[in-house]
Amino acid sequence: MSKEITSREKDYSQWYNDIILKAGLADYSAVRGCMIIKPYGFALWEKMRDQLDKRFKETGHQNAYFPLFIPKSFLSKEAAHVEGFAKECAVVTHYRLKNDPDGNGIIVDPEAKLEEELIIRPTSETIIWNTYKTWIQSYRDLPLLINQWANVVRWEMRTRLFLRTTEFLWQEGHTAHATSQEAIDETIQMLNVYAEFAEDWMAMPVVKGVKSINERFAGAVDTYCIEALMQDGKALQAGTSHFLGQNFAKAFDVKFSDKENKLDYVWATSWGVSTRLIGALVMAHSDDDGLVLPPKLAPIQVVIIPIYKGDEQKKMVDEKVAKIVEDCKSLNISVKYDDDDSRRPGWKFAEYEMKGVPIRIAIGARDIEQNVAEVARRDNKTKETMSLDGLADALNHLLNDIQENIYNRAAQFRNEHITKADTWEDFVQLLDEKCGFISAHWDGTPETEDKIKELTKATIRCIPLDNQKEEGKCILTGNPSGERVLFARAY
RNA sequence: CGGGGCGUAGCGUAGCCCGGUUAUCGCGCCACAUUUGGGAUGUGGAGGUCGCAAGUUCGAAUCUUGCCGCCCCGACCA
């Protein structure tokens, strides 16, 4: 596998883009850095969204929606926050266009300048905390557990389909609590929701951890994250959950009276995952034939392709398939019968492979005579002949198998690519030749992390939550260290 | 914002260095026929401001200048 990856590494970007375009997930747009999510890609996002949303509600959260526009002054109320986002904000300065008096088409009407510019939200902490100020007076108003599904805009220099687009879709949870501990518990709880979703639904193993100061969210006290490993050996931050302390409460003056009538600032969290998860999915499982989707998230789990000569055979196949479709639906298997006559079977086989459909069934007169169908699985490209009796049940098992198999495959790859390094030479060599996560000692200072980044482009992805304490010496400075941290080159 | 590559039909391209009839080829599209178990075949057909603008020239896809856009690599970042 790693050989394949090495040969692929050079063209990895091209490979990644091809898979997305050919699977029909997304398209480039007319607007620089933005992306069009096509129906198939959006169906996938909806499946992810629905499952996450369900979990948010099970953990007591409610959805709400806040404005797209943020007054410029809001953003500057929390110092670290504005510092972190200032360089990538889109700004609305005018509210009207008019015909150019010189006949050059339409121009911005200089008369229509806004008194205060509006920022298109790069994230919603500020506008939400400005609102929370009016919602929270008493401990009875707490905890306040709100999530929003929204689009945000970050004007990045360089973009990449799904991984980093100028506008992207995400969810952002924003909660307020009476105590520090309660907020920390919430932060960890949501991190666990993300980790379980990544592993159980996306079949993508992740490392749960906490970020170093350098990688911390702008305005957070602590940033927790899930880190995944892509097939080219680079790490990807797949989700974050922030303990914000009282930073935003202080910036927006959000105080509450506790049971003893003492006034205090509330404690906050925020957490989010984005359409970046789709990019993660692509890079975690795909192969050279296209996308490979985990059955639990695949918009189409089973595709059935008829093979026939003439109307008579078609009718016969239709009848058999109708029964299979009905049985599948009763088991909640999402099934598509593609009897489009304008495409030949071979074309369809290739098409659905590129789309990552987990199971493909081919059925023709020959099979029906023997009461069987050809069942092909996408994950390992094997085919077997299965009886039509009890087929839906068998498919159900097969879907579970595939889900498990692609998780195990990704987990094996990930585990093989967490390597310990104890000397600087090993560290550099591992980064260049093996890639993946490097577990190494670090003296705990931002300066050392910066230096390592400068020398190797590797950053500390996280300090794993389940870390073993271990005495050692920093890989760069030789200063004492109490535990290993995970380094990697990252997206 | 720096470095590299590119812009010719819906997509992918040849032609450009060395200017010259009607701009090449493949895929896709339309029609008909034969086909259908791994991206079918034949015949016929439609489709072009050669990225934009200016210049040189009898003549520009081709040469010159300016501009615009896209992709990749850096810095930035989820």
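Side-chain atoms are counted along with the backbone in the values below, which use heavy atoms only and exclude waters and symmetry mates. Lettering follows sequence order; numbering is per chain, from 1.
- Taking for each of A:Thr166 and A:Gly364 the nucleotide of RNA chain B with the nearest heavy atom, the 5'-most of the two is the partner of A:Gly364.
- A distance of about 47 Å separates the P atoms of B:rG3 and B:rU41, rounded to the whole Å.
- Partner assigned to B:rU35 is none, using Watson-Crick or G-U wobble distances below 3.5 angstrom.
- A:Arg360 contributes a side-chain N or O that forms a donor-acceptor pair with the base of B:rG38 under 3.5 Å.
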Start with the C-alpha gap between A:Arg121 and A:Glu172, add the side-chain angles, then the distance that decides, and say whether salt bridge (Lys or Arg N to Asp or Glu O under 4.0 Å) holds.
CA-CA 12 Å; A:Arg121 61 180 167 219; A:Glu172 45 181 328; 5.0 Å; no

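- The same atom, C1', is picked in B:rG10 and in B:rA46; the two are 13 Å apart, to the nearest Å.
- Comparing the P positions of B:rC63 and B:rG5 gives a spacing of 16 Å, expressed to the nearest Å.
- Distance noted for atom C1' between B:rC27 and B:rG39: 11 Å (whole Å).
- A cation-pi contact links A:Arg360 to A:Phe349, judged by a cut-off of 6.0 Å to the six-membered ring centre and 45° from its axis.
- Annotation: B:rA14 and B:rG26 have their C1' atoms spaced 11 Å apart (nearest Å).
- Taking atom P on both B:rC17 and B:rC6, the two are 15 Å apart, rounded to the nearest angstrom.
- Just one residue in the list A:Val193, A:Leu191, A:Thr175 forms a side-chain contact (heavy atoms from CB on, under 4.5 Å) with A:Trp271, and that residue is A:Thr175.
- When the P atom is compared between B:rC50 and B:rA60, the two are found 12 Å apart, to the nearest whole Å.
- When both distances must be under 3.5 Å, the Watson-Crick or G-U wobble mate of B:rG74 is B:rC1.
- Counting distance only, with no hydrogens placed and no angle test, the side-chain atoms of A:Lys383 and the base atoms of B:rG38 include a donor-acceptor pair under 3.5 Å.
- Distances shown here put a side-chain N or O of A:Arg158 below 4.0 Å from the OP1 or OP2 atom of B:rC73.
- Figure legend: cation-pi geometry between A:Lys355 and A:Tyr40, with NZ or CZ positioned under 6.0 Å from the six-membered ring centre and within 45° of its axis.
- Taking atom P in both B:rG51 and B:rA9, one finds a spacing of 8 Å when rounded to whole Å.
- The partner of B:rC11 is B:rG26, by the rule that a Watson-Crick or G-U pair needs both atom distances under 3.5 Å.
- The environment of A:Lys320 atom NZ is sparse: at most 12 non-hydrogen atoms of other residues, nucleotides or ligands sit within 6.0 angstrom.
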